[in-house]
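As structure tokens, the structure follows; a few thoughts come after it.
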Amino acid sequence: MTRILMVCLGNICRSPLAEGILKSKLPNHSFTVDSAGTGDYHIGKNPDSRSIAVAKKHGLDISNLKGRQFNVSDFDAFDIIYVMDESNYRNVILLARDDQDKAKVKFILNEIDPDQDNNVPDPYYGGTDGFENVYNMLNEACSVIASTLQS
Ligand code: 4NP
């Protein structure tokens, strides 16, 4: 079983979308995909309605996901931790106990543009365009992740 965690700030916009997209590209008998936020503002909340809508438009149902906060035990529970932006990266790395933990943390867009540490823009304060843009970025990155992990 390979265990993958998607991390953003609120766990209501970007990471639940990344979770839903990657799950749809991998067989669930050999992969676990989950998501979490570095912040605690949206614990127990369903994804933002705009993330649910853009997922639905692309045939995915993420409406039942529930926000939770990233914690140090996630370093034991997951093999790969994908962050959406540099702020998420800093916050997750701050909780790492050793180099083995740190090595699990990767920028998701480095799957498309290696070593660039590009950010998936936070769409929370923007309009629906932002969510479509985020969907497209995550879909591209998740296609690479799914094919790499299965090759
Ligand atoms: P996310 O977006 O990190 O992609 O889930 C955000 C959601 C909520 C907030 C910030 C970002 N917030 O400040 O409440």
Side-chain angles (χ1 to χ4, degrees), residues 1-26 28-56 58 60-112 116-128 130-142 144-146 148-149:
M1 188 66 84
T2 303
R3 305 157 305 165
I4 303 137
L5 183 67
M6 301 295 189
V7 175
C8 63
L9 172 59
N11 193 210
I12 55 164
C13 297
R14 293 165 292 177
S15 61
L17 203 46
E19 174 185 345
I21 293 169
L22 188 61
K23 266 186 190 155
S24 76
K25 295 179 191 290
L26 289 171
N28 65 9
H29 57 79
S30 36
F31 295 92
T32 298
V33 186
D34 191 13
S35 65
T38 59
D40 61 1
Y41 330 106
H42 301 286
I43 294 171
K45 300 275 171 56
N46 294 122
D48 186 283
S49 58
R50 297 162 296 176
S51 275
I52 293 174
V54 78
K56 189 174 175 193
H58 295 278
L60 303 173
D61 181 4
I62 62 166
S63 62
N64 289 324
L65 298 182
K66 290 252 192 302
R68 73 170 182 89
Q69 189 171 24
F70 181 86
N71 68 84
V72 70
S73 69
D74 286 317
F75 286 113
D76 300 318
F78 294 93
D79 304 300
I80 310 172
I81 298 167
Y82 282 115
V83 296
M84 302 296 131
D85 66 27
E86 58 200 319
S87 158
N88 311 150
Y89 185 84
R90 277 195 303 274
N91 286 318
V92 170
I93 288 289
L94 276 174
L95 294 174
R97 298 157 298 187
D98 53 30
D99 287 347
Q100 197 186 336
D101 286 354
K102 287 181 187 168
K104 293 185 175 188
V105 188
K106 300 169 188 295
F107 282 79
I108 193 167
L109 292 185
N110 282 358
E111 297 290 338
I112 311 170
Q116 297 303 299
D117 297 355
N118 285 331
N119 296 328
V120 179
D122 184 345
Y124 188 61
Y125 293 106
T128 34
F131 284 77
E132 186 68 35
N133 182 40
V134 165
Y135 174 87
N136 289 329
M137 289 178 166
L138 293 176
N139 191 45
E140 200 183 332
C142 288
V144 176
I145 292 167
T148 306
L149 289 177

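Side-chain atoms are counted along with the backbone in the values below, which use heavy atoms only and exclude waters and symmetry mates.
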Legend entry - Test log, rule side chain to side chain contact (heavy atoms under 4.5 Å, CB included), inputs Val120 and Leu109: CA-CA 7 Å; Val120 179; Leu109 292 185; 3.7 Å; yes
Legend entry - Side-chain ion pair, Asp74 and Arg3, N-O less than 4.0 Å: no
Legend entry - Side chain to side chain, Leu9 and Tyr124, heavy atoms closer than 4.5 Å: no
Legend entry - Crowding at NZ, Lys106 (>12 non-hydrogen neighbours, <6.0 Å): no
Legend entry - 4.5 Å side-chain heavy-atom contact, Ser30 and Thr2: no
Inset, instruction - Taking all non-hydrogen atoms of both residues into account, name the closest pair between Val105 and Asp101 and its distance. - result: CG2-O, 3.7 Å
Legend entry - Check: Ala96 main-chain N/O paired with Lys102 side-chain donor or acceptor under 3.5 Å: no
Legend entry - Check: Ser51 side chain, Pro47 main-chain N or O, donor-acceptor pair, under 3.5 Å: no
Legend entry - Under 3.5 Å: donor-acceptor pair, side chain of Arg68, backbone of Asp40: no
Inset, instruction - Identify the heavy atoms of Gly20 and Ile62 that sit nearest to each other, and give their distance. - result: CA-CG2, 3.9 Å
Legend entry - Interatomic spacing from CG in Asn91 to CG in Leu95 - rounded to 0.5 Å: 7.5 Å
Inset, instruction - Decide yes or no on side chain to side chain contact (heavy atoms under 4.5 Å, CB included) for Val7 and Ser15, but give the supporting numbers first. - result: CA-CA 5 Å; Val7 175; Ser15 61; 5.6 Å; no
Legend entry - Student check: side-chain heavy atoms of Met84 and Asn119 closer than 4.5 Å: no
Inset, instruction - For atom CD of Gln100, decide whether the heavy atoms of other residues, nucleotides or ligands shown that lie under 6.0 angstrom number more than 12. - result: no
Legend entry - Straight-line distance of Ile145 CD1 to Glu111 CD, nearest 0.5 Å: 4.5 Å
Inset, instruction - Over all heavy atoms of both residues, which pair between Lys66 and Gly44 is shortest? Give the atoms and the distance, please. - result: CD-O, 3.2 Å
Inset, instruction - Check whether the side chains of Lys45 and Asn11 place a donor and an acceptor atom closer than 3.5 Å, and report yes or no. - result: no
Legend entry - Over all atoms of both residues, closest heavy-atom pair of Met6 and Cys142: CE-SG, 4.2 Å
Inset, instruction - Search all heavy atoms of Gly126 against all heavy atoms of Arg50 and return the closest pair with its distance. - result: O-NH1, 3.0 Å
Inset, instruction - Look at the side chain of Gln69 and the backbone N and O of Thr38, then say whether any donor-acceptor pair between them is shorter than 3.5 Å. - result: yes
Legend entry - side chain to side chain contact (heavy atoms under 4.5 Å, CB included), paired with Ile80, selected from Ile108, Leu149, Leu5: Leu149
Inset, instruction - Would you kindly say whether Asp117 and Asn110 are connected by a side-chain donor-acceptor distance under 3.5 Å? - result: yes
Inset, instruction - Over all heavy atoms of both residues, which pair between Cys13 and Asp48 is shortest? Give the atoms and the distance, please. - result: SG-CB, 3.8 Å
Legend entry - Asp85-Asn88 side chain donor-acceptor pair, cut-off 3.5 Å: yes
Legend entry - Asp76 and Arg97 ion-paired at < 4.0 Å: yes
Inset, instruction - Flag the pair Tyr82 / Phe107 as yes when their ring centroid distance falls below 6.0 Å, and as no otherwise. - result: no
Inset, instruction - Run the ring-centre check on Phe70 versus Phe75 and record whether the distance is less than 6.0 Å. - result: yes
Legend entry - Nearest-0.5 Å distance, CG of residue Leu17 to CD1 of residue Ile52: 10.5 Å
Inset, instruction - Kindly compute the distance separating CD1 (Ile4) from CG (Leu26), expressed to the nearest 0.5 Å. - result: 5.5 Å
Inset, instruction - Hey, could you give me the OG/NZ distance between Ser49 and Lys56, rounded to the nearest 0.5 Å? - result: 12.0 Å
Legend entry - From NZ (Lys23) to OG1 (Thr32), nearest 0.5 Å: 9.0 Å
